[in-house]
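All chains are named by letter (A, B, ...) in the order of the sequence lines, taking the proteins before the strands, and each is independently numbered beginning at 1.
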Amino acid sequence: MSNDEYPTENPAVVTAGLPYANGDLHIGHLRSYTAADALNRALNAIGQQSAYVCGSDMHGTPVAVNSWQQGVDPEEFALEWHEQYEETFPKFDVEFDNYGHTHDETNTELTREIVCTLEDEGYIYEKTIEVAWDPEEDQALPDRYVEGTCPYCGEQARGDECDEGCGRHLEPGEIEDPVSTLTGNPAEYRKREHKFFEVSALADYLTEFLDDLEGTDNAQNQPRQWIEEGLQDWCITRDLDWGIDYPGDEAEADNLVLYVWVDAPIEYVASTKQYSERVGANTYDWEAVWKDGQGGVSASDASGGSPDERREAGGEIIHVIGRDIIQHHTIFWPTMLQVAGYNAPRAVCATGFITINGKGLSTSRNRAIWAREYLDEGLHPDLLRYYLTTNGGLQQDIDFSWEKFADRVNGELVDTLGNFLYRGLLFAHRNYGGRPDVGVSEEVEDRIEEALEEFNEAVNEYDVRGIGTAPVDLARFGNEYIQRNEPWNLVNDDPDAAAQVIRDCVQLAKAIAVLAEPVLPGKAEAIWEQLAEDGSVHDAALSAALDAPPESFDEPTELFAKIEDDRVNELDAKLADRIESTASDDEEDANEGTAAADADEGTDTADDGAVPDMEPIVEDRISFEEFQELDLRVGRILSAEPIEGADELVRLEVDIGVETRQIVAGLQQLHDVDALPDTKVIVVANLEKAELFGEESNGMVLAAGEQADLLTTHEDAVPGTRVR
RNA sequence: AGCGGGAUGGGAUAGCCAGGAGAUUCCGGCGGGCUCAUAACCCGCAGAUCGGUGGUUCAAAUCCACCUCCCGCUACCA
């Protein structure tokens, strides 16, 4: 690659993060696919050769677990999702030049080849670790395939994480009393050889890589921190039978499969390769992009040449991803590429998250706008593309609500852009049958050139928002221009001047079509047709914005329709109902009170700040007997001292009458520790023991809220008195 | 708590990396204009000490330090 301004001499590739073949697509996904799609289209428009590739991520434990639970073959399971994605993307005009999947032959072969190179280069080593094993099925139990007891807190936990207890990450082999989630049988531990990729040896390379990396700030700053903290080597194999077999006879016999994050990013390369093979290397050469265009590089050449030299030669690799997978794209992936002798990415653009009505998107709570649902509503894809790409900067979190959506669509697309095009072209058609036969005025030509320049700058800064707002800004100018010149009066007073103004408007319309193509491809094509232009706007270069449109064209039609308030309310109500019903399925009538109120009032007051930051009262009532299970006692703090190395934790000796307990509490920064002794407190005496920072905590001291306001007694109840 | 990302007129956003004109645009409010156009469009007004405090500088929204609050990740939330 280069760090030269686009367009460069090298071919470019834009990739979007692979969708995981395990669930429906929603607007969170769509945000990065539409952004990357727009970026790719814009690159092409400014004359940069560029391809847009992606594919479905088929492997990994979740697919294995879910398909197994449904009793279907994992390949079949994942392929079904893959096919759905493949059908859905074009409906949003997300046009991949190639869309493959990680289980196809190209990716499988390429992955094995790359892993072999990593081995040959000496960056892979074996290490024996203990893994859980189901003796009956004679199968290893990675990650979520095993449950058991957390060795730290005694809670029920998953193989890789104590998810309901202390939250600790668990290394393979740590969990006690392991049980197979497949059969429910007790699992045993077996020693297994696994492969590790020596990421830690490449810290210097990564630092250098990050210095040149373009894209969003977060993709550059986060990994710097991880490097400073020290990089861990990366276990790249799993005991699974779903995935790409680890190359080599011995490993294959062992049933070792590559960790899903090894083969997933390689799909970027594989997908580019498939595209290249389909159109021919003369048209698009994947090796020129990913290798260095010098006819392939052997591993030894790769490590020999300086990174700079290899960069100059290769293509412009641009990754668009979600913020949650920065680590994979800025640590693991570039080190793999480097060792395997491939080119480094030029840019990593990490998008922010999306909230719905101000709350976090949650697929399990059904708080999401699903891709299919949006289409079923009959809404034009360009509307959502526009909203998602122009609402804020790429790395900003953005909020979605139907109200905001309608607001932007109506104000910017309908009133500004749509209305300018319609009034201008209608005027032109009625009075001149098309484009008046005069040249463009200098003012308008200058303004269009300025717009093209801004567009070009936006592309160079990966500023998708700027790409999307460029046509709207130009339309805004158009409205101001036509208003200022009043051609409807000039038609009678000064026909030549009128013709000039309308000529300018027609040119602006054409420029808008060209500028709108990346974000509003469907609507841009419609403008193109209204102008009776030949060919497709998708193939038009940016410079076409200044070429004269055809002399005659038909009566234009309105490009966009307003989204009326009723429609917004309807969409909003549907969303609210759906979230509501999902919630009630889950937790019965936990939200009964508010649900009833909402049903009557519509959705206006549903979520808005009516309730301050207080947590709602838990609606599920417990019985008196259940309450009795809590053994609450009055206690008196005898001593308190900070725990070394912990910021908040204090070790307390508490007299609870029958005995003295050691209890660890998070009070250090909220209380004067020296003043704690002799304070009376309320203790949960029968809470199970926990270990924090190596200290046993035998019970829990009650305190209210963030400030840890300690609960105490009002009169003189003695330690040990039961609270009821 | 550590680390990232934020904080800009009533709401939402741009500008910050490469410091200097009246701080951008959208929604909303007020007043006016136009009538070609989808009650659309245009003009004007009100409204921001650019989260706070210091510092660097001739000059700070922009750079530096510290702090406060929000959002994520991680977590010592027993």
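With A40(B), G5(B), U35(B) as the choices, the nucleotide that has an atom nearest any side-chain atom of Lys562(A) turns out to be A40(B). Checking C41(B), C27(B), C36(B) against every side-chain atom of Asp407(A), the shortest atom distance belongs to C27(B). Comparing G4(B), A37(B), C42(B) by their nearest atom to the side chain of Asn221(A) picks out G4(B).
When the P atom is compared between C73(B) and G31(B), the two are found 47 Å apart, to the nearest whole Å. If you take atom P in G28(B) and the same atom in U74(B), they sit 40 Å apart, rounded to whole Å. One C1' atom belongs to A12(B), the other to G47(B), and the distance between them is 15 Å to the nearest Å. Spacing between C71(B) and C27(B) at atom C1', rounded to whole Å, works out to 24 Å. U57(B) and C64(B) have their P atoms separated by 16 Å, given to the nearest Å. Annotation: C77(B) and C66(B) have their P atoms spaced 27 Å apart (nearest Å). Here the separation of C63(B) from C69(B), taken at their C1' atoms, is 23 Å to the nearest Å. Comparing the same atom, P, in A7(B) and in C16(B) gives a spacing of 12 Å after rounding to whole Å.
Arg323(A) comes within 4.0 angstrom of the backbone, heavy atoms only, and of no base. When heavy atoms are screened at a 4.0 angstrom cut-off, Glu558(A) is found touching base atoms of the nucleic acid. Within 4.0 Å of Asn419(A), counting heavy atoms only, lies at least one base atom of the nucleic acid. Note on Leu559(A): a base of the nucleic acid sits closer than 4.0 angstrom, heavy atoms only. As judged by a 4.0 angstrom heavy-atom cut-off over every strand, Arg465(A) is placed among residues touching the sugar-phosphate backbone only. Here Phe420(A) lies out of heavy-atom contact (under 4.0 Å) with every strand. Nucleic acid contact for Gly466(A): none, since no nucleic acid atom lies under 4.0 Å from a heavy atom of the residue.
Stacking is not found between Phe427(A) and the pyrimidine-like six-membered ring of the C36(B) base under the 5.5 Å centre-distance and 30° plane-angle cut-offs.
Pairing for C69(B) goes to G6(B), judged as Watson-Crick or G-U wobble with the two contacts each under 3.5 Å. Using N1 to N3 plus N6-O4 or O6-N4 for Watson-Crick, or N1-O2 and O6-N3 for G-U wobble, each under 3.5 Å, C16(B) pairs with nothing. Look at A23(B): it lacks any Watson-Crick or wobble partner with both distances under 3.5 angstrom. If you check U74(B) for Watson-Crick or wobble pairing at under 3.5 angstrom, you find it paired to A1(B). Here C63(B) sits opposite G55(B) as a Watson-Crick or G-U wobble pair (both hydrogen-bonding atom distances under 3.5 Å). In this structure, G44(B) and C30(B) make a Watson-Crick or G-U wobble pair, each of the two defining distances being under 3.5 angstrom. Checking A37(B) for Watson-Crick or G-U wobble geometry (two distances, each under 3.5 Å) identifies no partner in any strand.
Summarising the geometry of Gln500(A) relative to Ser441(A), their closest heavy-atom pair is NE2-N, 3.2 Å, with the distance given to 0.1 Å.
The CG atom of Asp324(A) sits 14 Å away from the C1' atom of U74(B) (whole-angstrom rounding). Remark: P of C34(B) and CG of Asn489(A) are 10 Å apart, rounded to the nearest angstrom. Between Gln483(A) atom CD and A40(B) atom P the separation is 14 Å, expressed in whole Å. Rounded to an integer number of Å, the gap from CG of Leu426(A) to C1' of U35(B) is 14 Å. Look at CG on Asn410(A): it is 15 Å from P on C26(B), rounded to the nearest Å. Atom CG of Leu490(A) is separated from atom P of C34(B) by 15 Å (rounded to the nearest Å). Here G28(B) presents its P atom at 11 Å from CG of Asp565(A), a figure rounded to the nearest Å. Rounded to an integer number of Å, the gap from CD of Gln327(A) to P of G72(B) is 19 Å.
In this structure, Gln396(A) reaches the A14(B) phosphate: one of its side-chain N or O atoms is under 4.0 Å from OP1 or OP2. Within the structure, a side-chain polar atom (N or O) of Tyr422(A) is placed less than 4.0 Å from OP1 or OP2 of U38(B). The phosphate of C3(B) (OP1 or OP2) has no side-chain N or O of Arg224(A) nearer than 4.0 angstrom.
Side-chain atoms of Asn479(A) and Arg423(A) include a donor-acceptor pair closer than 3.5 Å.
Side-chain contact between Pro471(A) and Phe455(A) is absent, with no heavy atoms from C-beta onward closer than 4.5 Å.
No side-chain donor-acceptor contact under 3.5 Å links Arg633(A) to the backbone of Ile656(A). Distance alone, capped at 3.5 Å, is enough to place a donor-acceptor pair between the Arg31(A) side chain and the Gly352(A) backbone. With Glu403(A) contributing its side chain and Val568(A) its backbone, the two residues share no donor-acceptor pair below 3.5 Å.
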Going through the checks in order, is the ring-ring contact (aromatic ring centres under 6.0 Å, His included) test met by Phe332(A) and Trp234(A)?
CA-CA 8 Å; Phe332(A) 300 144; Trp234(A) 187 38; 3.9 Å; yes

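With a 6.0 Å cutoff to the six-membered ring centre and a 45° limit on the axis angle, Arg435(A) does not count as a cation-pi contact of Phe553(A).
Judged by closest nucleotide on RNA chain B, Glu486(A) is the one of Glu486(A) and Val414(A) placed further toward the 5' end. For the pair Arg476(A) and Glu480(A), both in contact range of RNA chain B, the more 5′-proximal nearest nucleotide belongs to Arg476(A).
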